[in-house]
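These notes concern the structure reproduced below.
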Amino acid sequence: MLIDMYMKCCSLSKAHQTFCQLPVWDVVAWTTMIAGYAEHGLGQLAIKFYDLMQSNGIRPNSVTFVCILKACGSIGAIQHIRKIQTEVEAEGLLQGELVGNTLIDMYATCGRPYLARQIFDKLPKRDVVSWNSLIKGYTESEQFAEVLKCFEQMKTEGLCPSSRTFVSALKACAAIGHLDKGEEICNEVERQGQLTKNPFIGCALIAMYMKCGALAKAQKVFDKVADRDVVMWTALIKGYVDQGHDNKALEIFEHMKVDNVPPNEVTFILIVKACANVRGLDRGSEIHAEIERQGLFQKDLVIGNSLVDMYGKCGDLAIAQEVFDRLSDRDIVSWNALIGGFIEHGFTRDALMCYEHMKLEGVSPDAFTFVYCLKACGTMQDVDKGAEVHLEIECEGLLTANIIGNALVDMYAKCGLLSKAEKVFDKLLVRDVISWTALITGYTELGDGENALQCFDKMHEHGIIPNAVTLLCCLKACTSIGSFDKGAKIHSEIERQGLLQTDLAVGNALIDMYAKCGSLDLAQQVFDRLTVCDAVSWNTLIAGYTEHGDVEDALLCFERMQSKGVYPNIVTFLCILKACSSIGAAQRGTRIHAEIERRGLLSNDLIGNTVVNMYAKCGSVNKAMQVFNKLPIRDVVSWTALMAGFTEIGQSEEVFYIFDRMLGEGIKPNPVTFVVVLTACTRKGLFMKCHSFFEAMSASYGVPPNLEHHSCVIDLLSRRGEVEMAVSMVMKMPFAPSSMLWHTVLGACRNTGSVQFGKQAFNNATQFHYNCSIPHMYPSNIYALQNEYSIDETRNFQIKTVYSN
DNA sequence: ATAGGGTTAG
């Protein structure tokens with residue numbers, strides 16, 4: 001009795017002392033010691049005492065067996081349990097339920113359901129406890145189908161499941177998503193009136209319905225319970241958070257407070273997570289204040305970590321860092337939460353600095369850390385740092401982790417090192433759809449659509465099913481190389497998977513693919529079949545019609561888009577302005593311009609420049625000038641657009657004047673500016689001016705002349721009949737001449753009757769085109785060649801504005 | 001016996 005008291009009071013040494021002073025050591029004394037040690041998790045000591053007892057010739061009784069089995073179970077000493085099992089059987093004690101059940105329970109605890117089953121089958125009589133212990137074994141080793149089998153079988157044996165049984169069965173239903181069975185058990189529970197009696201069953205029911213996605217049913221169970229404790233409220237909140245209904249979780253949290261149930265640590269962790277998921281910084285800060293008021297911040301590291309995560313996800317990295325610094329204790333999760341926050345909001349440098357800092361503090365990075373770091377290296381295209389991290393991963397032996405391997409492939413692919421990416425890819429233990437997609441994306445981003453699609457074929461050969469991300473990326477590859485056939489094949493896979501209705505990005509990419517491959521009909525058909533569409537869908541269609549010269553349909557789309565209530569964005573206006581300028585539709589352009597002013601979008605530099613360009617293209621230089629003067633910022637594109645307008649209407653002097661003004665404002669000309677200026681010279685036959693601009697562009701402005709610039713000068717020489725100079729310039733320039741350029745020169749030779757230079761030019765032209773394998777360039781004389789093509793005298797110079805959706 | 005933090009391809 002005294003030993004037992006000391007043991008229970010945690011005075012192990014006093015208990016031991018008392019035991020030593022006993023006059024005789026009977027089985028009860030030994031068993032009390034063993035029970036005490038087992039109780040305090042000192043399994044090894046319990047085993048030692050058990051052995052001592054036996055060497056002292058004392059035979060264990062049922063209670064001794066139960067105690068020593070519990071001790072062995074708590075430390076996973078499976079061999080000891082097996083030894084004790086033979087002793088139990090030798091003593092014939094398996095007949096009594098107590099020892100048998102304990103044996104089953106301990107095998108279950110040690111994750112040996114088959115050993116538990118062996119004992120179970122040997123029992124002469126099985127009660128609910130035996131079944132529960134057996135079920136526990138199956139639950140521990142995740143054999144959920146067995147759990148449900150046991151649940152049914154025990155009932156056919158006439159036994160009534162206890163709350164423990166119900167909880168295990170419900171857990172099994174949740175794990176395998178067996179909603180029907182779960183519902184059946186729910187009805188059984190309610191029939192027995194257990195729901196109101198036992199809060200554990202209620203929690204298990206809520207968790208089961210939530211995991212099966214039956215949110216309303218989970219809520220119904222919750223509503224039926226009269227007095228709900230914190231845990232049940234928390235179980236409901238967890239369900240909503242896990243299912244992605246974070247706002248609903250936050251709502252429940254409010255109800256809970258109205259109901260006067262104070263949240264505990266777990267509730268706070270879940271609620272902070274909900275705030276992080278919805279990026280609700282304000283709400284998150286309020287919860288944070290509440291956590292601080294209750295003094296839970298210092299008490300619980302998990303809460304601290306969840307706050308760092310929340311601030312990081314919400315983009316308030318300063319506060320995230322502050323909270324992180326205030327943590328009294330930090331673990332790898334704290335560091336990862338901060339690093340993850342930095343990465344998500346583009347602070348890649350800070351993320352990598354944090355990573356170095358962490359290592360200096362002696363914290364070892366784990367898989368999560370490495371994945372974050374690789375993402376940072378990929379984003380920055382810093383392959384040196386990436387290779388460094390790669391090496392560390394190899395040193396840690398983490399290369400076998402699939403996610404890390406995929407992140408490595410992605411990093412090398414993002415850095416444009418596809419051979420390196422392929423090398424890592426080949427070494428992966430498992431190549432899943434993500435590994436393949438990372439590689440395909442790498443090739444696509446590099447503009448190498450052929451290799452991307454080849455990769456896609458290989459993936460198919462390996463039996464990997466593409467998903468929405470893969471197919472989206474492959475569509476982009478098809479678009480970039482204009483591969484209609486392949487694109488159509490991918491389209492059929494998209495239909496097979498029903499992605500057109502569920503993934504708008506895929507739908508939009510499909511529209512773009514068909515539009516860029518020239519099939520506006522199919523693009524429109526896909527568009528019409530979308531369940532929802534956004535501004536990107538409309539923009540893609542508008543750009544498609546514009547590219548194919550169908551400006552009427554482009555403008556019609558613009559009208560329809562607005563009547564359907566889709567708000568046009570910057571890209572919409574850029575597309576529609578481009579449509580207007582392509583056909584010189586000044587009136588329509590003016591209406592669009594008014595719309596843009598009304599929305600205050602002229603201040604956007606892309607829009608402003610494109611409006612100037614639109615008026616310039618339509619020949620309305622006054623309007624172009626008016627808008628130009630209104631622009632808040634005038635960059636080289638704005639100035640060039642204005643100059644192009646004056647070039648268009650032949651006012652070259654004005655072009656040169658604007659060029660000087662632009663230089664005066666400290667703006668540097670770009671290659672397009674020189675095309676415009678040189679064209680202005682060509683139009684007026686100003687050879688000296690043209691020559692001096694051409695010489696100055698690389699010497700004074702650092703803009704090396706490209707094919708277009710050469711063409712301007714050669715064009716001018718040809719017009720002036722300077723065929724010798726024109727021909728020699730064509731042959732000297734470091735670019736392959738376009739056929740258009742040859743025609744200009746040959747036309748000049750014909751007009752001036754310069755047979756000698758004409759022949760020279762022709763020989764070069766045919767040789768060049770022969771090299772390019774264009775068979776129809778084999779006419780017998782220069783006149784025949786001349787007649788095959790008409791020379792477009794009015795060359796259209798365009799301001800190239802790069803924009804995308 | 002019910003409840004707890006962070007990852008990969010667009």
Side-chain angles (χ1 to χ4, degrees), chain A residues 132 135-136 139 162-168 170-171 174 198-208 225 228-239 241-242 263-273 276 296 300-310 312-313 327 331-341 343-344 365-375 378 398 401-411 413-414 421 425 428 432-442 444-445 459 466-476 503-506 508-509:
Chain A
N132 283 349
I135 287 173
K136 181 177 167 188
T139 306
S162 71
S163 60
R164 238 180 235 252
T165 331
F166 280 125
V167 169
S168 298
L170 288 169
K171 249 186 168 172
N198 191 304
F200 300 124
I201 297 182
C203 284
L205 273 171
I206 292 169
M208 181 276 296
V225 178
R228 297 159 296 210
D229 62 355
V230 200
V231 179
M232 199 174 284
W233 280 96
T234 307
L236 188 70
I237 289 173
K238 178 187 157 59
V241 174
D242 284 348
N264 66 14
E265 285 95 324
V266 182
T267 324
F268 277 124
I269 289 162
L270 288 164
I271 283 304
V272 171
K273 190 182 183 185
L296 291 172
D300 194 322
L301 176 59
V302 182
I303 289 190
N305 287 345
S306 66
L307 284 170
V308 174
D309 178 56
M310 184 271 293
K313 282 213 170 75
L327 290 176
D331 62 7
I332 183 71
V333 179
S334 331
W335 287 97
N336 287 345
L338 188 61
I339 291 173
I343 300 274
E344 192 179 325
D366 67 358
F368 289 90
T369 327
F370 284 128
V371 168
Y372 282 134
C373 285
L374 290 171
K375 198 174 177 182
L398 282 172
N402 202 221
I403 291 178
I404 295 191
N406 286 345
L408 260 174
V409 173
D410 180 53
M411 184 275 291
K414 282 215 172 69
F425 178 88
L428 293 181
D432 59 13
V433 63
I434 295 176
S435 334
W436 285 98
T437 307
L439 214 51
I440 293 170
T441 311
T444 306
E445 288 296 313
M459 169 178 161
N467 62 19
V469 183
T470 322
L471 295 168
L472 175 79
C473 185
C474 288
L475 282 175
K476 284 183 183 169
D503 198 315
L504 187 52
V506 169
N508 289 342

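A note on names: the letters A, B, ... follow the listed sequences, proteins ahead of strands, and every chain is numbered from 1.
- Nucleotide dG10(B) holds its C1' atom 9 Å from the CD atom of Glu445(A), rounded to whole Å.
- Atom CD1 of Ile269(A) is separated from atom P of dG6(B) by 10 Å (rounded to the nearest Å).
- In this structure the side chain of Glu344(A) reaches within 4.5 angstrom of the side chain of Lys313(A), judged on heavy atoms.
- Here the nucleotide nearest the side chain of Leu472(A), chosen from dA3(B), dT2(B), dG10(B), is dG10(B).
- Of the possible donor and acceptor atoms, none in the side chain of Asn132(A) sits under 3.5 Å from a partner among the backbone N and O of Ile135(A).
- For Ser163(A) against dA1(B), a side-chain N or O and a base N or O form a donor-acceptor pair under 3.5 Å.
- Note: CG (Leu439(A)) to P (dT8(B)) measures 19 Å, nearest angstrom.
- Counting heavy atoms from C-beta on, the side chains of Val272(A) and Ile303(A) never come closer than 4.5 Å.
- For Asn467(A) against dG10(B), no side-chain N or O and base N or O form a donor-acceptor pair under 3.5 Å.
- Taking atom CH2 of Trp335(A) as the reference point, atom C1' of dT7(B) lies 19 Å away to the nearest angstrom.
- Put simply, the side chain of Asn132(A) and the base of dA1(B) share no donor and acceptor less than 3.5 Å apart.
- Among dA9(B), dT2(B), dG6(B), the nucleotide with an atom closest to any side-chain atom of Lys313(A) is dG6(B).
- Exactly one of Thr437(A), Asn508(A), Val506(A) qualifies for a side-chain contact (heavy atoms from CB on, under 4.5 Å) with Leu472(A). That residue is Val506(A).
- A side-chain donor from one of Thr369(A) and Asp366(A) sits under 3.5 Å from a side-chain acceptor of the other.
- Here the P atom of nucleotide dG4(B) and the CG atom of Leu236(A) are 13 Å apart, to the nearest Å.
- dT7(B) atom C1' lies 12 Å from atom CG of Asn402(A), rounded to whole Å.
- Comparing dT2(B), dG6(B), dG4(B) by their nearest atom to the side chain of Asp300(A) picks out dG4(B).
- Distance Trp436(A) CH2 to dA9(B) C1': 14 Å, rounded to the nearest Å.
- Across the protein-nucleic acid pair, Glu265(A) atom CD and dT2(B) atom P stand 18 Å apart, rounded to whole Å.
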